[in-house]
Asker: 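Here's a structure for you.
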Amino acid sequence: MFKSEVYIKRRDELRKILKTGLALFIGNSEAPMNYPDNTYHFRQDSDFLYFFGIDLAGFIGLMDFDSGKDRIFGNDFGIDDIIWVGPQPTVKELALRCGITETLPLPKLEGILKDAISKKRRVHFLPPYRGESKMTLGSLLKENPCQMKTLASVDLIKAVISMRSIKEKVEIDEIEKAVDIAYEMHVTAMKMCRPGVKEQEIFGVIEGIALAKGGGTSFPIVLSVNGQTLHNHAHGNILKKGKMMVTDAGAETHLHYASDITRTTPVGGKFSQQQKEIYEIVLKANTEAINATRPGFSNRDLHFMACKIIATEMKNLGLMKGDVDEAVAAGAHALFMPHGLGHLLGLDVHDMEALDENISGYNDEIKRSDQFGTAYLRFALPYKPGHVFTVEPGCYFIPELIEKWKAEGKFRDFINYSKIESYMSIGGIRIEDNVLITEKGHKVLGKLIPKTVKDVESVCSL
Ligand code: GLY
Ligand code: MN
């Protein structure tokens with residue numbers, strides 16, 4: 001946990017924004033895998049972590065904005081628990097670590113909320129994303145558990161997003177630590193990327209690094225020679241010369257701050273001429289986009305800047321044609337880059353996606369596009385110092401998408417379908433870094449993970 005002052009300050013800030021009513025924060029419970037005592041890896045809810053820091057299952061926080069009182073509800077372990085899991089801190093001790101002195105057993109919460117509801121006091125809560133939390137909220141607030149997402153407080157969502165969007169120094173330090181763990185993961189993957197090795201072996205080793213050095217991975221690792229499948233979680237291929245391996249992998253620190261890095265490595269460590277051609281395009285989009293980030297510039301502008309670089313260079317190779325600005329405005333580039341340039345990063349790898357992406361990434365003036373490709377851009381707002389986000393352009397040759405568009409005769413004025421055929425073995429390439437907006441510009445977080453052709457080839461040769 002951070003020092004208690006960090007959590008006290010955050011709750012005071014929230015109090016200043018919301019002023020009245022109560023806010024209920026349901027910490028996550030254990031999630032059984034196949035029977036109750038055999039549980040999935042426990043991951044605390046990120047908003048609960050943000051305001052209370054207690055990284056254990058079965059706690060609820062309640063803030064009363066009228067009285068200024070914050071309370072933690074939880075049950076102390078008895079001897080029956082302790083003989084299995086060892087001595088545990090009391091609820092009181094845990095609450096003190098986040099600056100809260102008042103604690104109560106969980107069963108007391110229902111009566112307190114009943115009283116608040118009978119007095120018509122507003123009880124704010126955030127949208128639950130786990131069945132167990134929906135049931136807990138439904139039962140505490142006497143509502144249909146299936147409705148809890150729609151009944152969530154937009155005022156609380158907006159307040160939390162405004163706070164979590166701007167990272168504090170202690171949070172940035174954590175994200176840098178998470179990138180440094182990702183450095184080890186990616187450099188190891190590059191060195192192992194040799195003919196005859198099974199994807200699963202590399203996957204297992206780098207997942208092990210995330211577990212050995214921090215709190216595990218920040219999302220299920222994407223690692224495949226079929227990088228044209230954007231989130232490829234199958235790791236059954238044996239690496240062969242002539243292919244490239246996309247590794248999209250990040251770690252969490254022990255405090256659960258995430259990194260999210262992608263690198264693309266040629267099997268055997270040397271790019272072919274054709275691989276180099278496409279790799280350099282993606283690298284150009286990545287580096288020029290990063291260099292352009294500064295306060296005031298928006299992530300939507302950055303997205304289009306990267307798309308235009310890709311379209312221009314694809315035109316230079318003869319894969320696209322026509323006017324680049326028109327092609328990008330029409331969405332033709334999305335054949336090769338059908339996703340957004342990046343997303344916010346913090347306690348969640350897609351930060352605050354559980355809250356409302358249209359609030360964390362958009363506002364009343366900047367609305368989400370419904371155009372294929374750009375519709376997946378999760379964050380479009382102008383940058384402010386303290387924003388942390390990913391920059392992850394990619395270029396993919398997705399057979400099913402190419403076949404579909406070709407059959408439909410889509411964007412024939414902008415896409416040279418016959419030339420694409422000779423590039424299909426490329427699969428996919430993505431290059432992703434994690435960037436902080438500073439007062440004057442930006443900083444790429446953590447240790448620089450090799451990404452130029454020369455640097456990747458040189459790591460592979462070690
Ligand atoms: N790293 C996975 C993603 O950004 O979707
Ligand atoms: Mn990402």
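These values consider heavy atoms only, across backbone and side chains, with no hydrogens, waters or symmetry-generated copies. When a ligand or atom number is given, it counts from 1 through the structure's own listing order.
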Asker: Which option, Val349, Thr262, Asp260, owns the non-hydrogen atom nearest atom 1 (N) of ligand 1?
Answerer: Asp260

Asker: Set out, in order, the CA-CA distance, both residues' side-chain angles and the distance that settles ring-ring contact (aromatic ring centres under 6.0 Å, His included) for His350 and Phe219, then state yes or no.
Answerer: CA-CA 9 Å; His350 285 187; Phe219 59 94; 7.7 Å; no

Asker: When you measure from the Mn ion (ligand 2) to each N, O or S atom of Glu432, which atom gives the shortest distance?
Answerer: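 For Glu432, the N/O/S atom sitting closest to the Mn ion (ligand 2) is OE2.
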
Asker: Just need the protein heavy atom nearest to atom 3 (C) of ligand 1, so name the residue and atom and give the distance.
Answerer: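 It is His350 NE2, 3.1 Å.
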
Asker: For the Mn ion (ligand 2), what is the closest N, O or S atom on His343?
Answerer: NE2

Asker: Is it the case that His387 and Asn299 place a side-chain donor and acceptor less than 3.5 Å from each other?
Answerer: no

Asker: Mind checking the CG-CD1 spacing from Leu319 to Ile281? Nearest 0.5 Å is all I need.
Answerer: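 Leu319 atom CG to Ile281 atom CD1 measures 7.5 Å (nearest 0.5 Å).
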
Asker: Have a look at Phe25 and tell me which of Phe48, Phe52, Tyr50 forms a ring pair (Phe, Tyr, Trp, His ring centres under 6.0 Å) with it.
Answerer: Phe52

Asker: Would you say Glu392 and Thr390 are linked by a side-chain donor-acceptor pair, where the criterion is simply a distance under 3.5 Å?
Answerer: yes

Asker: Taking atom types as modelled and ignoring hydrogens, do the side chains of Asp45 and Tyr129 form a donor-acceptor contact shorter than 3.5 angstrom?
Answerer: yes

Asker: Within rounding of 10°, what is the angle whose vertex is the Mn ion (ligand 2) and whose arms end at OE2 of Glu392 and OD2 of Asp260?
Answerer: 150°

Asker: Return the option from Ile261, Asp248, Thr390, Ile221 holding the heavy atom at the smallest distance from atom 2 (C) of ligand 1.
Answerer: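 Among Ile261, Asp248, Thr390, Ile221, the closest heavy atom to atom 2 (C) of ligand 1 belongs to Asp248.
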
Asker: Heavy-atom contact under 4.0 Å between His339 and ligand 1?
Answerer: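 In this structure, His339 fails to qualify as a contact of ligand 1 - no heavy atom is under 4.0 Å.
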
Asker: Geometry only, no angles: is Glu432 polar-contacting ligand 1 at N/O separations under 3.5 Å?
Answerer: no

